[in-house]
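Data block below; observations after.
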Amino acid sequence: MSTPIETDVVIIGAGPVGLFAVFELGLYDLKCHLIDILDRPGGQCAELYPEKPIYDIPAWPEISGQALVDRLMEQIAPFSPEFHFNRMVAGFRKLDNGRFEVETDEGELFHAHAVVIAAGGGSFQPKRPPVPGIDAYEGTSVFYSVRRVEEFRDRDLLIVGGGDSALDWTLNLQPVAKSVTLVHRRPEFRAAPDSVNKMFAMRDEGKVRFEVGQVTGLKGENGQLSAAMVKGPDGEIDIACDRMLPFFGLTMKLGPIADWGLNLHENLVSVDTEKFETSIPGVFAIGDINWYPGKLKLILSGFHEAALMTQAVKRIAHPDQKLVFQYTTSSTSLQKKLGVK
Amino acid sequence: MTKISIVAFDSTRFDVDAENGSTVMENAIRNSVPGIEAECGGACACATCHVYVDDAWSEKVGSPEPMEEDMLDFAFDVRPTSRLSCQIKVRDELDGLVVHVPERQA
Ligand SMILES: Cc1cc2nc3c(=O)[nH]c(=O)nc-3n(C[C@H](O)[C@H](O)[C@H](O)COP(=O)(O)OP(=O)(O)OC[C@H]3O[C@@H](n4cnc5c(N)ncnc54)[C@H](O)[C@@H]3O)c2cc1C
Ligand code: FES
């Protein structure tokens with residue numbers, strides 16, 4: 001166990017709403033640590049639609065998902081938020097001193113006055129391809145990510161997909177595995193052209209096998225895979241393999257937060273509309289993850305929720321300080337915090 | 001109004017008066033056609049609105065744009081007539097269109 005990181009607020013999720021919360025909390029001198037399972041900020045905007053335009057961000061007639069994230073990062077930079085990427089928030093408990101402890105799946109601990117759940121649609125997790133019976137092989141023969149390369153040494157490996165993960169792992173695991181077969185629905189790829197060229201060069205040298213097709217079933221016993229059935233343009237073939245890596249993109253799951261004992265409303269966290277506080281005082285939920293009557297899953301609603309939540313968190317963190325309402329336009333103290341004065 | 005038909009996997013047929021410019025997915029959702037999930041709301045970002053265009057209509061409907069083709073990689077049992085229904089816009093020449101819902105979405 002590591003020594004806990006002491007801070008004011010832990011924000012779970014670095015989507016647009018978690019990012020803007022840093023700004024609102026920062027104006028009230030509250031320091032934030034953000035944890036996200038993705039490897040970069042932006043949540044859905046960065047992961048699902050970086051290049052698509054959004055038309056309903058106030059004062060931005062049109063802005064792309066990624067540009068919105070970039071602007072938010074710029075806006076919160078004065079408050080030096082600390083990011084912890086590639087980590088899933090797992091554990092949570094209330095400490096005797098009234099503060100909270102949050103634990104990641106890597107075992108890091110955070111202690112904070114308040115916890116803000118800005119987990120959106122949930123944490124991004126690999127999508128399970130709709131192959132019948134695949135669950136029987138998960139964790140023994142079928143893996144959705146490569147945690148340890150050794151797992152694939154001297155194995156007959158089947159990689160499925162046409163994006164960067166599929167191509168990168170085909171190239172990187174080829175020297176380690178006994179054999180590598182890449183299966184993709186069509187001969188065109190979404191991956192970087194350079195990796196695709198490298199893969200085809202390896203195929204021409206006989207180092208990897210590439211088949212056009214879709215996996216329709218798996219063969220094996222007791223979780224030990226022996227072959228995958230692949231339907232291609234010329235019918236169905238069996239490809240012998242004892243390890244499979246399907247890369248079918250990401251889906252969102254509420255995950256461990258579901259077990260924290262919070263009141264839920266159909267997989268969303270119930271909150272009040274004054275403070276956006278959950279059924280556990282001191283734990284707040286903002287953005288797509290929360291539910292209250294009339295809730296709209298819009299970025300702008302999440303921003304509003306962040307502002308109101310901040311008022312409540314400030315009272316918890318600094319109960320002795322008077323809350324002064326100020327405008328960023330005219331308050332010299334706020335402007336000092338923003339680094340513009 | 002353009003008449004289109006969406007056939008669910010259990011063969012239930014939904015005949016719909018669709019407005020030109022609306023998408024086949026929107027009409028499926030409005031009429032609660034089972035098997036069309038459309039998680040992303042039509043942004044071509046989820047592949048859960050997958051349909052097979054009836055063979056007779058495949059040519060008229062046309063083939064997917066590259067972005068849709070990329071998303072189709074995430075769908076289940078993709079066939080030559082597969083399309084994402086949120087990317088098919090209803091128009092006069094599609095009057096009578098028939099699409100079939102697959103066994104499941106990804
Ligand atoms: C295609 C598409 C188009 C959209 N268009 C618009 C639009 O035009 N206008 C609009 O207002 N909204 C739009 N939205 C909705 C908008 O993207 C969401 O409302 C917004 O992203 C919600 O922000 P958030 O910060 O609450 O959550 P998210 O963006 O979902 O971010 C949550 C983050 O939390 C992380 N996380 C969750 N659980 C954990 C955990 N246990 N551990 C670690 N990390 C965790 C996730 O990995 C994720 O990065 C669109 C959505 C999609 C998919
Ligand atoms: S509704 Fe998501 S891709 Fe069509």
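Values below: all heavy atoms of this structure, side chains included; hydrogens, waters and symmetry mates excluded. To find a chain, count down the sequence lines: A is the first, B the second, and so on, and within it residues start at 1.
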Nearest heavy-atom pair of [X] and [Y]: which atoms, and what distance?
{"X": "A/Pro132", "Y": "B/Arg104", "result": "CG-NH2, 3.9 Å"}
{"X": "A/Lys52", "Y": "B/Cys44", "result": "NZ-O, 3.7 Å"}
{"X": "A/Gln214", "Y": "B/Phe76", "result": "OE1-C, 4.4 Å"}

Got more than 12 heavy atoms from elsewhere within 6.0 Å of [atom1], [X]?
{"X": "A/Glu236", "atom1": "CD", "value": "yes"}
{"X": "A/Arg71", "atom1": "CZ", "value": "no"}
{"X": "B/Glu59", "atom1": "CD", "value": "no"}
{"X": "A/Glu188", "atom1": "CD", "value": "yes"}

Next on the checklist: Out of B/Val78, B/Asp73, B/Asp70, return the one with the most heavy atom pairs under 4.5 angstrom to chain A.
Outcome noted: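 It is B/Asp73.
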
* **chain B contact via A/Phe248 - which portion, at a heavy-atom distance below 4.5 Å** =>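 It is both, since atoms from each part get that close.
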
Check: Under a 4.5 Å heavy-atom cut-off, does chain B meet the side chain of A/Arg128, its backbone, both or neither?
Finding: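 The answer is neither part of A/Arg128.
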
ask   = Could you state the interatomic distance from SG (B/Cys40) to CD (A/Gln44), rounded to the nearest 0.5 Å?
value =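 With rounding to 0.5 Å, SG (B/Cys40) is 10.5 Å from CD (A/Gln44).
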
**Report entry** Ionic contact status for A/Arg185 with B/Glu69, cut-off 4.0 Å
**Finding:**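 Yes, B/Glu69 and A/Arg185 are salt-bridged.
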
Side-chain contact, heavy-atom cut-off 4.5 Å: B/Met67 with A/Glu51?
->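 Of all side-chain heavy-atom pairs linking A/Glu51 with B/Met67, none is under 4.5 Å.
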
